Structures are given as structure tokens and as C-alpha cells.
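A short write-up of the structure that comes next.
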Amino acid sequence: MLPRGSILCALALVATLAGVASATEQNAFDRAIGKYAPTFEEVFDLDRPLRTKGLCVCTPGLEPGFLFRETGTGRIVCGIPVFNADGSFGDAAFPCFEYQILAR
């Protein structure tokens, strides 16, 4: 028979490994989603050029936009970009929640 301390250590190890496995699966899912919809911070980093991945069309106005994930909720939104007079990306995009994803 195993000592009580050994059983508790084994249970703690199993619980820890289960937590690592689920975190790994969530990270894999986040990476897969990130291929189509980057995070808000990735899109709106004004220190680098605009890098969109998935494109969309806002269905009420048929305005083209790009997909991104909202901070906090993780909800995927179609952002209608705002451009400066010189053609560079402005610091805003109007969110659209009713949209169609454009296929490649």
C-alpha cells in the first residue's frame, strides 16, 4: 500500500498535467483563429503597417473590412478601416457585427 503522501502527490501531478493539456489545446485553438482574425492589439499597432488576414463585407452597407478579435470577449468582428488623407491606416476602424467573410 502506498503512503498517503505519495497518493496526494500523484493526484496533484495528474491535476497539473490535465491543466497543461487544456491550456495547450486552447493555445492551439487561439493560433488557428489568429490565422484569420488577429487580435485587436495586433491590428491596431500603429508602429507597423496594417496587417490584416481575413477580409469581410459588412452586410448592412456592403462596406469592405477585415476581421479581428475584440479584447476581453474574443468575439470576431468585421472592422471597417479609416484611412488618413495620405492613404495610411488611421487609428480607428468602425466595428460591424453583421458581415459575410470573403473567400480567397
Side-chain angles (χ1 to χ4, degrees):
M1 182 153 180
L2 294 174
R4 179 187 274 181
S6 297
I7 294 172
L8 291 176
C9 286
L11 289 175
L13 178 63
V14 168
T16 301
L17 292 176
V20 169
S22 65
T24 301
E25 290 169 349
Q26 182 176 3
N27 289 343
F29 180 74
D30 287 343
R31 281 192 307 275
I33 294 294
K35 291 179 182 180
Y36 300 95
T39 64
F40 179 86
E41 292 80 12
E42 290 170 335
V43 172
F44 295 97
D45 182 357
L46 298 179
D47 293 333
R48 62 186 180 132
L50 177 65
R51 292 200 287 185
T52 60
K53 295 181 181 179
L55 299 177
C56 52
V57 173
C58 187
T59 52
L62 297 178
E63 298 163 296
F66 55 88
L67 299 173
F68 70 92
R69 288 179 288 163
E70 287 185 320
T71 303
T73 65
R75 182 171 50 179
I76 297 176
V77 177
C78 181
I80 309 303
V82 175
F83 293 98
N84 297 320
D86 65 359
S88 63
F89 180 63
D91 60 353
F94 296 104
C96 175
F97 302 102
E98 296 178 35
Y99 58 88
Q100 296 292 318
I101 296 172
L102 295 176
R104 292 183 180 193

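Being a predicted model, the structure only gives us computed values, none of them experimental.
Annotation: side chain of I80 is not in contact with side chain of Y99 (no heavy-atom distance under 4.5 Å).
Residues G79 and F68 share a closest heavy-atom pair of CA-CE2, 3.6 Å. Here the closest non-hydrogen pair linking N84 and G90 is OD1-CA, 3.6 Å.
Both V43 and L102 belong to a common hydrophobic cluster when Ile, Leu, Val, Met, Phe, Trp and Tyr are linked at side-chain heavy-atom distances under 4.5 angstrom. Using a 4.5 Å cut-off between side-chain heavy atoms of Ile, Leu, Val, Met, Phe, Trp and Tyr, with links allowed through other members, F40 and F97 fall into the same hydrophobic cluster.
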Donor-acceptor pairs under 3.5 angstrom involving side-chain atoms of residues 52-67: please list them, not counting sequence neighbours.
unit_1: K53; atom_1: NZ; unit_2: G34; atom_2: O; d: 3.0
unit_1: T59; atom_1: OG1; unit_2: E98; atom_2: O; d: 3.0

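Not counting sequence neighbours, the partners of E70 by the side-chain hydrogen bond (donor to acceptor under 3.5 Å, both in side chains) test are T73, R75.
Listed for the D86 side chain is a donor-acceptor partner under 3.5 Å among the backbone atoms of S88.
Within 6.0 Å of CZ on F83 lie more than 12 heavy atoms contributed by other residues, nucleotides or ligands.
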